[in-house]
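Beneath this line is the structure, given in structure tokens, with notes to follow.
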There are 2 protein chains.
Amino acid sequence: MQRSTRQQDAIIHALQKAARPMSPPEILADAARDVPAINLTTVYRTIKRLLEAERISPVALPGEAPRYELQSVAAHHHHHFRCDRCSTVYDVEGCPAGIGGLVPRGFRLRSHDLVLYGTCKECSRN
Amino acid sequence: MQRSTRQQDAIIHALQKAARPMSPPEILADAARDVPAINLTTVYRTIKRLLEAERISPVALPGEAPRYELQSVAAHHHHHFRCDRCSTVYDVEGCPAGIGGLVPRGFRLRSHDLVLYGTCKECSRN
DNA sequence: CTAGTTGCAAAGCATTTGCCTGTGG
DNA sequence: CCACAGGCAAATGCTTTGCAACTAG
């Protein structure tokens, strides 16, 4: 991450606009509106560089390809909602209570991931 | 799932012995002790058939390849605790309260996945 | 200039499919 | 018997890598 290029800017911009975790193909589609010639390979390589520079974080959902979000978003503890219909992943604020109570005796809890599934606002309308 | 074959029996037996979610390569390694000639393709195809017959269930953890466990284990709603040190995945009973309260207005909740991370009893000792 | 970046094509990997042989019932 | 199951090789889909051309600083 040493130079600033149009492709990199377009990728970062896509993540800023979306404000939700995006997959490489999603990033490509959005960035292509700024830089039509951009390539999927470039998206993957740029993601890798941004991860090393800790400017983005991976968002892994069970059974799905990794998505990515800006470090500024990832820094705040939050969870995710995945729409069954459109597969879009939304950020969700807050935590349920009583997670500590689930931990078996003798185990030590460090962190947790919660993923909600259902239909999003858009898809619920149709 | 119409016939009983040595390969299928070996695969089911491997899952019974392990009593924890296994990946296809893990299943292959174990089943190969009963049926040395068994092939990875057969493992994948048998998994597919067992899934359709609802005799096993997929266990997907964020960022990890899918694993499978017997339906008898998967039947009741539970979550998972993954040890940071030994990577073992434990079943956890119960659910935290107030999950519904996290859902944004207009969204409809269908289900959820919770994964706890930390150190298990064994690893906490050392 | 010149080293970091990009684009294209090819390589890797895990998983799936095609096709033909083997076998359970 | 013969349709389902298995084995091998090839195909697939997503991600990474090799390499020559491009470009930011």
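A note on names: the letters A, B, ... follow the listed sequences, proteins ahead of strands, and every chain is numbered from 1.
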Any residue of residues 45-68 of chain A with a heavy atom less than 4.0 Å from an atom of DNA chain C: A:R45, A:T46, A:R49
Atom pair OG1 (B:T88) and NZ (B:K121), whose distance is rounded to the nearest 0.5 Å: 14.5 Å
By side-chain hydrogen bond (donor to acceptor under 3.5 Å, both in side chains), B:D30 pairs with (sequence neighbours left out) B:K17, B:R33
In whole Å, what is the span from the CD atom of B:Q8 to the C1' atom of D:dG7? 15 Å
Where B:G100 and B:L109 come nearest, the two heavy atoms and their spacing: CA-CD2, 4.2 Å
Is there side-chain contact between A:H77 and A:H112, with heavy atoms separated by less than 4.5 Å? yes
Between the protein and nucleotides 20-25 of chain D, which nitrogen or oxygen pairs come in under 3.5 angstrom?
unit_1	atom_1	unit_2	atom_2	d
D:dT23	O2	A:R3	NH1	3.1

OP1 or OP2 of C:dC8 sitting under 4.0 Å from any side-chain N/O of A:N39? yes
Which pairs, with at least one residue in residues 51-66 of chain A and sequence neighbours excluded, count as a side chain to side chain donor-acceptor pair (under 3.5 Å)? A:S57-A:Q71, A:E64-A:R67, A:E64-A:R82
At their closest point, which heavy atom of A:V43 faces which heavy atom of A:I11, and how far apart are they? CA-CD1, 3.9 Å
A:Q7 atom CD is separated from C:dC8 atom C1', nearest whole Å, by 14 Å
Whole-Å gap separating C1' (C:dA3) and CE (A:M1): 15 Å
Could you list the residues that satisfy ring pair (Phe, Tyr, Trp, His ring centres under 6.0 Å) with A:F107, not counting sequence neighbours? B:F81, B:Y90
Applying ring pair (Phe, Tyr, Trp, His ring centres under 6.0 Å) to A:H80 and not counting sequence neighbours gives A:H78
B:L40 CG to C:dA14 P, straight-line distance once rounded to whole Å: 9 Å
Using whole Å, what does the distance between atom P of nucleotide C:dG22 and atom CD1 of B:I38 come to? 18 Å
